[in-house]
Amino acid sequence: MSDGFRINLGSGQRPFESPTWVNVDCQDKWKPDIVADGANLHMFQNGCADMVVMHHVLEHFGCGEANKVIQECYRILRPGGSLIVTVPEIRLLCRGYLQSRINTQIFMTNLYGAYMGDEADRHKWGYTGESLATYLQECCWWTTVRTFDF
């Protein structure tokens, strides 16, 4: 890895506790290192980050509303850096619910979000692995987009 650092974008309740990570969130209540909108990361220089992680963030934007966020990630990542995006996989969620492998509460929370008093908590869009990969590829000039299921 280079001399850059890593950004946990949309850190929310899941800050990464490490000196190599910077936690960024739009909600001050989560006490991130930096309070900022992911669509405007002006505090970071072009190509400064080795990695950006967006763990359960994109589903909080409506269809096409996260374009600028993804473009900002692309701008601040160094060449060869990685953007890691995790979202509830809508097809797998539905399959699990219909096969009674997940209960109604887990299904609805993943579908609509865990509302905790702020509209930013709500989910506004859903993805399959394929639709997420297509969306990311259409937003920027990524050299490689891979899906994985962990």
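Along the sequence shown, residues carry numbers from 1. Since the model is a prediction, treat every value here as computed from it, not as a measurement.
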For this session: Take C26 and V35 through the side chain to side chain contact (heavy atoms under 4.5 Å, CB included) test and state the conclusion after the steps.
Result: CA-CA 5 Å; C26 66; V35 176; 5.8 Å; no
Exercise. Would D50 and T20 satisfy side chain to side chain contact (heavy atoms under 4.5 Å, CB included), going step by step from the backbone distance to the final call?
Worked result: CA-CA 10 Å; D50 289 317; T20 60; over 6 Å; no
For this session: Report the C-alpha distance between V87 and W125 in whole Å, list the side-chain angles of each, state the deciding distance to 0.1 Å, and finish with yes or no for side chain to side chain contact (heavy atoms under 4.5 Å, CB included).
Result: CA-CA 10 Å; V87 295; W125 197 250; over 6 Å; no
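For the pair D121 and Q27, the minimum side-chain heavy-atom distance is below 4.5 Å. Looking only at side-chain heavy atoms (C-beta outward), M54 and V69 come within less than 4.5 Å of each other. You'll find the side chain of I7 reaches within 4.5 Å of the side chain of I76, heavy atoms only. V53 has its side chain out of reach of V85: every pair of non-hydrogen atoms, C-beta onward, lies at least 4.5 Å apart. In this structure, the side chains of E72 and H42 stay at 4.5 Å or more apart for every pair of heavy atoms. Looking only at side-chain heavy atoms (C-beta outward), V22 and I34 come within less than 4.5 Å of each other.
Within the structure, side-chain hydrogen bond (donor to acceptor under 3.5 Å, both in side chains) pairs that include any residue of residues 106-115 comprise Q105-T109 (at least two apart or interchain).
Side-chain contact annotation: T128 with S131, donor-acceptor N/O pair under 3.5 Å present. The closest side-chain donor-acceptor pair between N67 and Y135 falls under 3.5 angstrom.
Side-chain heavy atoms closer than 4.5 Å link hydrophobic residues (I, L, V, M, F, W, Y) into clusters, and following such links, even through other members, never connects L92 to I106. Linking Ile, Leu, Val, Met, Phe, Trp and Tyr residues whenever their side-chain heavy atoms come within less than 4.5 Å leaves M108 and Y127 in two separate clusters. Under the 4.5 Å side-chain heavy-atom criterion for Ile, Leu, Val, Met, Phe, Trp and Tyr, V24 and Y74 are members of the same hydrophobic cluster. L111 and Y97 fall within a single hydrophobic cluster, where Ile, Leu, Val, Met, Phe, Trp and Tyr side chains are chained together by heavy-atom contacts under 4.5 Å.
No donor-acceptor pair closer than 3.5 Å links the side chain of D25 to the backbone N or O of K31.
Aromatic rings of W21 and F5 (six-membered ring for Trp) have centroids beyond the 6.0 Å cut-off, not under it.
The side-chain hydrogen bond (donor to acceptor under 3.5 Å, both in side chains) check on E89 picks up nothing, with sequence neighbours excluded.
Annotation for L132 and L58: closest pair CD1-CD1, 3.6 Å, computed over non-hydrogen atoms.
Put simply, CD on E65 and NE2 on H60 are 12.5 Å apart, with the number rounded to the nearest 0.5 Å. For the atom pair N8 CG and E17 CD, the distance stands at 10.0 Å (nearest 0.5 Å).
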